[in-house]
Amino acid sequence: MRIIAGSARGVRLVPVPSGVRPTSDRVREAVFNTLGQFFDGGEVLDLYAGTGALGIEALSRGFDGATFVEKNGQAARMVRENLARAGFPEKGEVLRGDVAEVLERLVIEERKFHLIFADPPYKIPPREIGGLLERLAALLTPDGRVVFESGDPTPVLTTESLKGASRRYGGTVVTFLERSEEHTMKLAICPGSFDPITVGHLDVIRRAASIYDHVVVAVGKNVKKGPKVSVEERARLIEKVAGPLENVSVEIIDGLLVEFARERGARVVVKGLRAGSDFESEFQQAQLNRRLYPEFETVFIMAAAEHSFLSSSAVREIASYGGDVRGLVPEEILDTVRRLYVDGQAAASDRG
Ligand code: PNS
């Protein structure tokens, strides 16, 4: 067996001991013809590694690092020897152990891989394959791929999170899997106190709606600052101005943002950033939210320059003295904001 292409092209791997069923050079070549010939970095996971030929081929073709999982001690030593022969001793990590247990640990460590090879024993019970694929889906980057080798008959290899297409090479069936559409539906949450919504908020909501399939504007009920107006009233004002946007809906959050997002299957939160001064608290919230929900990403949209001075607290203050907030809040809600936030009135509709 040899490395077929890339920086280690032509390197001979150690002779395969009996009992190990390596992916033949022909199948390995066909796999890379489908995946692409060369790569610009990324991490690869080679499960049931055997000789390690697939992972080492990926390193030779441009991947940055490879993690090999192999239960058999002799085979694990062979992977290390092959890594050394190919000149990648420090790019490969060999984890000796049971694949199910190692995968569990990698999921907990939140590891992500761009390419995963799985070449399990052909006699693996079909009922174990679903669980294995779900774990692989959790370890895969959004645009990552799984290459699954199996014998005949081909087990069912499509799950809720992964979909695939199979090709046959003699007695070997190779299935290429990627994330299914449901998991790439772009739903974003735009949370805030919106006390009240300003033209700056509306601009960020509109821009988020032009990027994502659907945006849920989530109005915090028990926000720290102690809102001046009830959550229902704040949500009604947003409905009035953002409701006409086709792919925007308004909801109330009465708990943690991450729980709200998880229940709706949303993995993106969009926040507006006006200046560096916003960054510190937003950064902290983003870090905490990601700790609570590791797949959750915070995306920032920069406020338009003409809104960089604008804040709900400034609107509240001006309105409380009966000042003019025209141009600061959307025209459709101008009268309601004046009435709700002018001193004396706000107290009457305080708390929800
Ligand atoms: O407009 P704001 O005041 O910056 O919005 C704050 C909001 C509503 C986004 C934040 O308070 C929030 O996410 N509240 C829900 C409760 C929660 O998840 N708290 C932990 C945030 S790290």
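Numbering of ligands and ligand atoms starts at 1, following listing order. What you see below is based on every heavy atom in this structure, not just the backbone, and it leaves out hydrogens, waters and symmetry mates.
- The nearest heavy-atom contact from the protein to atom 8 (C) of ligand 1 is Val223 CG1, 3.6 Å.
- For Gly255, the heavy-atom gap to ligand 1 drops under 4.0 angstrom.
- Closest to atom 10 (C) of ligand 1 among all protein heavy atoms lies Gln285 OE1, 4.0 Å.
- Put simply, Leu187 and Val269 are part of the same group of oily side chains (I, L, V, M, F, W, Y) that touch within less than 4.5 Å, one to the next.
- Counting protein heavy atoms under 4.0 angstrom from atom 12 (C) of ligand 1 gives zero.
- Nearest protein heavy-atom neighbour of atom 4 (O) of ligand 1: Lys225 NZ, 4.2 Å.
- At a threshold of 4.5 Å between non-hydrogen side-chain atoms, the residues Ile205 and Ile197 count as touching.
- What sits closest to atom 20 (C) of ligand 1 on the protein, heavy atoms only, is Leu256 CD2, 4.1 Å.
- Here the CD1 atom belonging to Ile189 is positioned 9.5 Å from the NE2 atom belonging to His214, to the nearest 0.5 angstrom.
- Taking the six-membered ring where tryptophan is involved, the planes of Phe32 and Phe39 are perpendicular, since the angle between them exceeds 60° and thus also 30°.
- The side-chain heavy atoms of Asp119 and Asp46, taken from C-beta on, include no pair separated by under 4.5 Å.
- Counting heavy atoms under 4.0 Å from ligand 1, residue Asn289 touches it through the side chain alone.
- Residues His201 and Ser312 are in side-chain contact: their nearest non-hydrogen atoms beyond the backbone lie under 4.5 Å apart.
- Taking all heavy atoms of Pro227, Gly192, Gly220 into account, the minimum distance to atom 7 (C) of ligand 1 is reached by Gly192.
- The closest side-chain heavy-atom distance from Lys228 to Tyr341 is below 4.5 Å.
- Polar contact with ligand 1: present for Ser193 (N/O pair, distance under 3.5 Å).
- Distance from atom 18 (O) of ligand 1 to its nearest protein heavy atom, with residue and atom name: Leu257 N, 2.8 Å.
- Note that CD of Glu93 and NZ of Lys91 are 15.0 Å apart. Values are rounded to the nearest 0.5 Å.
- For atom 2 (P) of ligand 1, the nearest protein heavy atom is under 4.0 Å away.
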